[in-house]
Participant: 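After the structure tokens below, expect a handful of questions from me.
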Protein chains: 2
Amino acid sequence: MDELKQLLKINKLKATPIRLAILDFIKNSSTPLNELDLRSLLNKSFKNKMTKSTLYREFKTLSQLSLIKELVFKDGIRRYEFGNHHCHHLICSNCSTVTHLVLEKDLEKLEAKIKRNTNFKISFHTLEFYGLCPSCSL
Amino acid sequence: MDELKQLLKINKLKATPIRLAILDFIKNSSTPLNELDLRSLLNKSFKNKMTKSTLYREFKTLSQLSLIKELVFKDGIRRYEFGNHHCHHLICSNCSTVTHLVLEKDLEKLEAKIKRNTNFKISFHTLEFYGLCPSCSL
DNA sequence: TGACAAATGCAACTAAGTTGCATTATAATT
DNA sequence: AATTATAATGCAACTTAGTTGCATTTGTCA
């Protein structure tokens with residue numbers, strides 16, 4: 001938890017209990033979290049006081065500083081995961097579990113190819129695979 | 001236009017003027033369209049009578065039958081393009097222009113790789129590159 | 001410990017998308 | 001051409017994600 005405080009200090013953000021809890025939940029979640037997920041998690045610790053405006057503001061602050069990363073899948077809902085390392089996702093259409101994939105090298109080749117063939121200046125990309133996770137495809 | 005009527009007949013949908021116009025606009029647009037785009041286009045032909053409920057219902061009907069395809073980019077808004085052929089997109093962060101890319105062969109390799117390494121059953125994927133289009137990067 | 005800026009709660013708002021119901025239009029049938 | 005069943009539409013009310021202005025509270029640092 002002191003790591004998180006340190007991280008906030010570096011980024012000149014105040015280490016408030018709510019902010020620490022938000023970061024902590026996002027960091028320790030195996031799947032990206034949306035506003036509702038976090039609100040119900042936080043309401044347990046904060047006596048049902050959490051308001052969505054705080055959460056949405058926090059998402060903006062933290063993702064602008066790259067402490068968390070915003071993901072948008074096909075349902076159009078914003079979810080957040082810890083950190084800023086780029087990766088790709090396997091998304092189960094049945095149970096919504098999200099698994100991480102590292103395909104950076106493969107994608108670099110593709111980006112190079114596109115660079116060769118177009119004058120488009122790519123700044124980032126998203127790649128998501130949808131289907132059934134091992135337990136839902138039994 | 002008779003092609004579209006034919007297409008609707010095959011899919012057992014009535015060829016109403018509104019439906020034909022929606023399909024026609026989506027077919028002839030170089031960039032995917034959302035509800036607002038279509039509503040303002042249609043209001044010119046239909047004396048400002050278009051309601052969003054019709055549009056959203058139409059999107060559902062037409063995309064379930066694969067006459068159009070729903071796309072969701074990072075802003076979370078649903079856009080629609082004609083047909084069902086899978087492709088990838090270059091999206092300009094500045095002017096929002098969307099360009100199509102065909103990378104099917106490259107992606108098939110990636111899917112095969114994932115199949116080898118996981119037990120996830122992929123049914124489809126999305127791949128979008130964000131950045132600046134040639135005219136916006138000048 | 002005091003002061004200032006940042007963080008929060010609250011409530012009202014916007015905008016995307018949905019739904020039930022009454023009405024209208026299409027297409028197949030006679 | 002008239003009839004009819006069904007699909008399509010308009011309307012209005014609703015839901016839900018996300019935003020914003022403002023007053024209050026809380027961390028931080030001098």
Side-chain angles (χ1 to χ4, degrees), chain A residues 1-2 4-24 32-43 45-65 67-68 70-80 96, chain B residues 1-2 4-24 32-43 45-65 67-68 70-80 96:
Chain A
M1 206 64 165
D2 279 341
L4 291 183
K5 282 190 184 174
Q6 194 58 28
L7 189 60
L8 290 177
K9 198 164 196 175
I10 292 166
N11 286 278
K12 292 175 183 167
L13 294 177
K14 291 182 181 174
T16 65
I18 288 177
R19 179 169 286 152
L20 282 167
I22 291 175
L23 269 178
D24 195 48
L33 302 175
N34 64 24
E35 185 266 331
L36 270 184
D37 296 333
L38 272 164
R39 188 134 53 100
S40 63
L41 286 170
L42 288 162
N43 276 342
S45 330
F46 292 93
K47 302 176 190 167
N48 287 38
K49 284 200 150 194
M50 284 307 306
T51 56
K52 54 184 177 162
S53 51
T54 302
L55 279 169
Y56 283 115
R57 273 189 290 233
E58 216 44 51
F59 294 153
K60 207 163 273 179
T61 306
L62 297 175
S63 59
Q64 273 168 357
L65 293 165
L67 302 192
I68 62 175
E70 183 180 88
L71 306 174
V72 179
F73 300 145
K74 294 223 84 178
D75 61 5
I77 290 177
R78 280 141 224 263
R79 282 171 240 266
Y80 300 87
S96 304
Chain B
M1 207 64 165
D2 279 343
L4 292 183
K5 281 191 185 174
Q6 194 58 28
L7 189 61
L8 291 177
K9 198 163 196 173
I10 293 166
N11 285 278
K12 292 176 183 166
L13 294 178
K14 291 182 179 174
T16 65
I18 288 175
R19 178 169 286 151
L20 283 167
I22 290 173
L23 269 178
D24 196 48
L33 301 174
N34 63 25
E35 185 265 332
L36 270 184
D37 296 333
L38 272 164
R39 189 136 52 99
S40 62
L41 286 169
L42 289 162
N43 275 342
S45 330
F46 291 93
K47 302 176 191 166
N48 289 37
K49 284 201 152 194
M50 286 305 306
T51 57
K52 54 184 180 163
S53 52
T54 302
L55 279 169
Y56 283 114
R57 272 188 290 234
E58 216 44 51
F59 294 153
K60 207 163 273 180
T61 306
L62 297 175
S63 60
Q64 273 168 358
L65 292 165
L67 303 191
I68 61 176
E70 184 180 87
L71 307 175
V72 179
F73 300 145
K74 293 222 86 178
D75 61 6
I77 289 177
R78 280 142 225 265
R79 282 171 238 267
Y80 300 87
S96 303

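Below, chain A is the first sequence line, B the second, and so on; all start at residue 1.
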Participant: Just how far is it from atom CG of B:L23 to atom CD of B:E58, taken to the nearest 0.5 Å?
Facilitator: 7.5 Å

Participant: Any side-chain N or O of A:R78 below 4.0 angstrom from OP1/OP2 of D:dG18?
Facilitator: yes

Participant: Please report the distance, rounded to the nearest Å, between CZ in A:R39 and P in C:dT8.
Facilitator: 15 Å

Participant: Expressed in angstrom and rounded to an integer, what is the separation of B:K5 atom NZ from D:dA8 atom P?
Facilitator: 16 Å

Participant: At their closest point, which heavy atom of B:P32 faces which heavy atom of B:D37, and how far apart are they?
Facilitator: O-OD2, 4.2 Å

Participant: For the atom pair CG (A:L4) and CG (A:L20), what is the distance rounded to the nearest 0.5 Å?
Facilitator: 6.5 Å

Participant: Would you tabulate the pairs of protein nitrogen or oxygen atoms and nucleotide nitrogen or oxygen atoms of nucleotides 24-28 of chain C closer than 3.5 angstrom?
Facilitator:
unit_1	atom_1	unit_2	atom_2	d
C:dT26	O2	B:K14	NZ	2.8
C:dA27	OP1	B:A15	N	2.9

Participant: Round to the nearest Å and state the distance from A:K49 atom NZ to D:dT24 atom C1'.
Facilitator: 12 Å

Participant: State, yes or no, whether a side-chain contact exists between B:L55 and B:L42 at a heavy-atom distance under 4.5 Å.
Facilitator: yes

Participant: Indicate yes or no: at least one non-hydrogen side-chain atom of B:L13 is less than 4.5 angstrom from one of B:L62.
Facilitator: yes

Participant: Could you pull out all residues at least two apart from B:N43 that satisfy side chain to side chain contact (heavy atoms under 4.5 Å, CB included)?
Facilitator: B:R39, B:N48, B:M50

Participant: Which residues pass the side chain to side chain contact (heavy atoms under 4.5 Å, CB included) test with A:K74, sequence neighbours left out?
Facilitator: A:Y130, B:F124, B:T126

Participant: Quick check: does any side chain N or O of A:N34 sit under 3.5 Å from a backbone N or O of A:L36, one acting as donor and the other as acceptor?
Facilitator: yes

Participant: Measure the angle between the two terminal helix axes of the helix from C:dT1-D:dA30 to C:dT30-D:dA1, five base pairs each, and quote it to 10°.
Facilitator: 30°

Participant: Between B:N43 (CG) and D:dT9 (C1'), how many Å, whole number?
Facilitator: 14 Å

Participant: Can you tell me the distance, in whole Å, between the CG atom of A:D75 and the P atom of C:dA16?
Facilitator: 17 Å

Participant: Rounded to whole Å, please give me the gap between CD in B:E35 and P in C:dA15.
Facilitator: 12 Å

Participant: Round to a whole Å and report the spacing from CZ of A:R19 to C1' of C:dA6.
Facilitator: 8 Å

Participant: Atom CZ of B:F46 to atom P of D:dG10: distance rounded to whole Å?
Facilitator: 9 Å

Participant: Test salt bridge (Lys or Arg N to Asp or Glu O under 4.0 Å) on A:E70 and A:R78 and set out the steps.
Facilitator: CA-CA 6 Å; A:E70 183 180 88; A:R78 280 141 224 263; 3.7 Å; yes

Participant: Not counting sequence neighbours, which residues clear side chain to side chain contact (heavy atoms under 4.5 Å, CB included) with A:S63? List them please.
Facilitator: A:I68

Participant: Going by heavy atoms in the side chains, are B:I77 and B:V72 under 4.5 Å from each other?
Facilitator: no

Participant: Counting only non-hydrogen atoms, which of residues 51-60 of chain A are less than 4.0 Å from DNA chain D?
Facilitator: A:K52, A:S53, A:Y56, A:R57, A:K60

